[in-house]
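Written below as structure tokens is the structure these notes are about.
Fair warning: this is a prediction, and the values are worked out from it, not measured in the lab.
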Amino acid sequence: MRPFTYERAADPQAAVKAAAEIPGARFIAGGTNLLDLMKLEIERPAHLIDVGRLPLAAIEDTPDGGLRIGAMATNSRVAADPRVRGRYPVLAQAIVSGASGQLRNKASTGGNLLQRTRCPYFYDTRKPCNKRQPGAGCAALEGINREHAILGASDACIAVHPSDMAVAMVALDAEVLTLSPSGDERRLPLSELHRLPGETPHIETQLAPGELITTVILPPPAAGAQTYRKVRDRASYATALSSIAVAGGRIAFGGLAPKPWRAATAEAALAAGAAPQEAMAAELEQARSAGHNTFKITLTARLGATVIAETQASAR
């Protein structure tokens, strides 16, 4: 591990100010992803700003019946909150399907959203990776890519986003609040937080340098049932080969794209009266195989149709 300096931020404004003023600074909360990347020298921050103890861990009701979740609330705390379990069960189900109990006890809500891909070629510094080193190439394109993207990828990157929680939050129409180094606050849909790779896969979010996520806002739960289902290679501590979150008429997928994938085409088809199988066929018309991951198209078609049908039935 390379040398770095460290400070514990006194408040959110001090944190973003330090991030703007110190070259190579990075925020750290739970550290469940960043520390691993530092040990592998994939991330090389010159300065760490500890935001884990900032007063941003509250989970509060909003006047309209929604919920505000502080960015420093741990994954375990969010999943166990009675309001989340009662009003947003898809979110609780998604969180407990991710990582391990020990990691969920430490991982923060904001950090979960910003975790980086688990692509093995990204983690192997002997292999070319455009996320790790822009312009180096993408080893996954010609490599073993069974876990990689079938939606939203590009010739520069076919890695997938690993978060389960983010998939459920996208299906719930969540928004994030951020604080910039200038002191300005910003509110944006979570579905717009992550970027598709295009020609710049190393730029993964819409956040500006030094911008800090402070809060996630869940709107009042939509009418209808909620479900999260994840298919993976082993029963725990594994990222999704394909996952689906259904919240009323909204659908999002994980394990298929470089960002949580809002299935707008399938939603529109269902709203127009299509059967779940027809809606999934419409959504997956744009799917593209990279070779070893062709099975994901069939897997997702079956998974989506099954879970949508089950969710619709349970709402009747």
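In this structure, the side chain of K131 does not engage the main chain of T117 through any donor-acceptor pair within 3.5 Å. With hydrogens and angles disregarded, no donor-acceptor distance shorter than 3.5 Å links the side chain of T306 to the backbone of L303. Judged by distance alone, with hydrogens and angles left aside, the side-chain atoms of S97 form a donor-acceptor pair with the main-chain N or O of A94 at under 3.5 Å. The backbone N or O of T311 lies less than 3.5 Å from a partner atom in the side chain of S314, making a donor-acceptor pair. Although no hydrogens or angles enter the test, the distance criterion places no donor-acceptor pair under 3.5 Å between the side chain of R250 and the main chain of A245. Using modelled atom types, no side-chain atom of E175 and backbone atom of P189 make a donor-acceptor pair closer than 3.5 Å. Using a distance-only test at 3.5 Å, with no hydrogens or angles considered, no donor-acceptor pair links the side chain of S289 to the main chain of N293. In terms of modelled atom types and a separation under 3.5 Å, the side chain of R104 and the main chain of G98 share a donor-acceptor contact. With hydrogens and angles ignored, the 3.5 Å screen pairs no side-chain donor or acceptor of R26 with any backbone N or O of A19. A donor-acceptor contact shorter than 3.5 Å links the side chain of T109 to the backbone of A73.
Between the CZ atom in R2 and the CE atom in M38 there is a gap of 11.0 Å [rounded to 0.5 Å]. Considering CZ of R83 and CG of L218, their distance stands at 11.0 Å, rounded to 0.5 Å. The CD1 atom of I244 lies 4.5 Å from the CD1 atom of I308; values are rounded to the nearest 0.5 Å. With rounding to the nearest 0.5 angstrom, the CD atom of E211 is 8.0 Å from the OG1 atom of T205. Distance NE2/H161 to NZ/K259: 10.0 Å, rounded to 0.5 Å. Note: S242 OG to L256 CG = 4.0 Å, rounded to the nearest 0.5 Å.
L270 and L284 fall within a single hydrophobic cluster, where Ile, Leu, Val, Met, Phe, Trp and Tyr side chains are chained together by heavy-atom contacts under 4.5 Å. Residues L37 and V51 fall into different hydrophobic clusters, defined by Ile, Leu, Val, Met, Phe, Trp and Tyr side chains chained together at heavy-atom separations under 4.5 Å. Hydrophobic cluster membership is shared by L188 and V170, with clusters built from Ile, Leu, Val, Met, Phe, Trp and Tyr side chains linked at under 4.5 angstrom. Under the 4.5 Å side-chain heavy-atom criterion for ILVMFWY residues, a single connected hydrophobic cluster contains both L114 and V167. Under a hydrophobic clustering in which Ile, Leu, Val, Met, Phe, Trp and Tyr are joined whenever their side-chain heavy atoms come within less than 4.5 Å, directly or via other members, I28 and F4 fall into the same cluster.
In this structure, S154 and L141 approach most closely via the heavy-atom pair O-CD2, 4.4 Å. When all heavy atoms of P181 and P209 are compared, the pair lying nearest together is CG-O, 3.7 Å. When every heavy atom of A266 is checked against every heavy atom of I251, the shortest pair comes out as CB-CD1, 4.4 Å. Scanning both residues, A238 and K230, for their nearest heavy atoms gives O-NZ, 2.8 Å. Here the shortest heavy-atom pairing between C119 and H148 reads SG-NE2, 3.1 Å. Closest non-hydrogen pair, A305 versus P276, comes out as O-CB, 3.6 Å.
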Margin query: Before you tell me yes or no, could you show the steps for H47 and Y6 under side-chain contact (heavy atoms from CB on, under 4.5 Å), namely the whole-Å CA-CA distance, both residues' side-chain angles and the distance that decides it to 0.1 Å?
Written below: CA-CA 6 Å; H47 183 71; Y6 168 90; 5.7 Å; no
Next item on the list: Decide salt bridge (charged side-chain N to carboxylate O under 4.0 Å, His left out) for R262 and D173; before the verdict, give the C-alpha distance in whole Å, the side-chain angles of both, and the deciding distance to 0.1 Å.
Entry: CA-CA 10 Å; R262 183 68 179 267; D173 262 354; 2.8 Å; yes
Next item on the list: Dump the intermediate steps for side-chain contact (heavy atoms from CB on, under 4.5 Å) on Q93 and Q226, then the final yes or no.
Entry: CA-CA 10 Å; Q93 292 165 14; Q226 299 178 20; over 6 Å; no
Checklist line | Worked check of side-chain contact (heavy atoms from CB on, under 4.5 Å) between Y121 and N145 | finding: CA-CA 10 Å; Y121 298 103; N145 48 41; 5.8 Å; no
Next item on the list: Show your reasoning for whether side-chain contact (heavy atoms from CB on, under 4.5 Å) applies to E60 and L67.
Entry: CA-CA 6 Å; E60 303 170 316; L67 210 58; over 6 Å; no
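Contact check for Q286 versus L151: side-chain heavy atoms found under the 4.5 Å cut-off. Put simply, the side chain of L190 does not reach to within 4.5 Å of the side chain of L172, judged on heavy atoms. A heavy-atom distance below 4.5 Å is not found between the side chains of V246 and Y228. In this structure, I217 and V176 have side chains that are not in contact, with every pair of non-hydrogen atoms separated by 4.5 Å or more. Residues Q206 and R195 form a side-chain contact, since some pair of their non-hydrogen atoms from C-beta on lies under 4.5 Å apart. Looking at M165 and L113, their side chains come closer than 4.5 Å, going by heavy atoms from C-beta outward. Using a 4.5 Å cut-off on side-chain heavy atoms (C-beta onward), Q13 and L179 make contact. In this structure the side chain of L299 reaches within 4.5 angstrom of the side chain of L241, judged on heavy atoms.
Look at R146 and D233 and you find a salt bridge, because one of the NZ, NE, NH1 or NH2 atoms lies within 4.0 Å of a carboxylate O, short of that distance. The pair R116-E43 counts as a salt bridge, with a side-chain nitrogen and a carboxylate oxygen less than 4.0 angstrom apart. With salt bridges taken as basic N to acidic carboxylate O contacts below 4.0 Å, none links R118 and D36. Ion pairing between D124 and R132 fails under the 4.0 Å rule for side-chain N and carboxylate O.
In the displayed structure, D11 atom CG is contacted under 6.0 Å by more than 12 heavy atoms of other residues, nucleotides or ligands. Within a 6.0 Å sphere centred on CD1 of I144, other residues, nucleotides and ligands contribute 12 heavy atoms or fewer. Under a cut-off of 6.0 angstrom, the local environment of CD in E199 is sparse, with at most 12 non-hydrogen atoms contributed by other residues, nucleotides or ligands. Taking a 6.0 Å sphere around CZ of R68, one finds it holds 12 or fewer heavy atoms contributed by other residues, nucleotides or ligands. Open room surrounds OH on Y237; 12 or fewer heavy atoms of other groups in view lie less than 6.0 Å from it.
Using a 3.5 Å distance cut-off with no hydrogens or angles, the side chains of S76 and T74 do not pair a donor with an acceptor.
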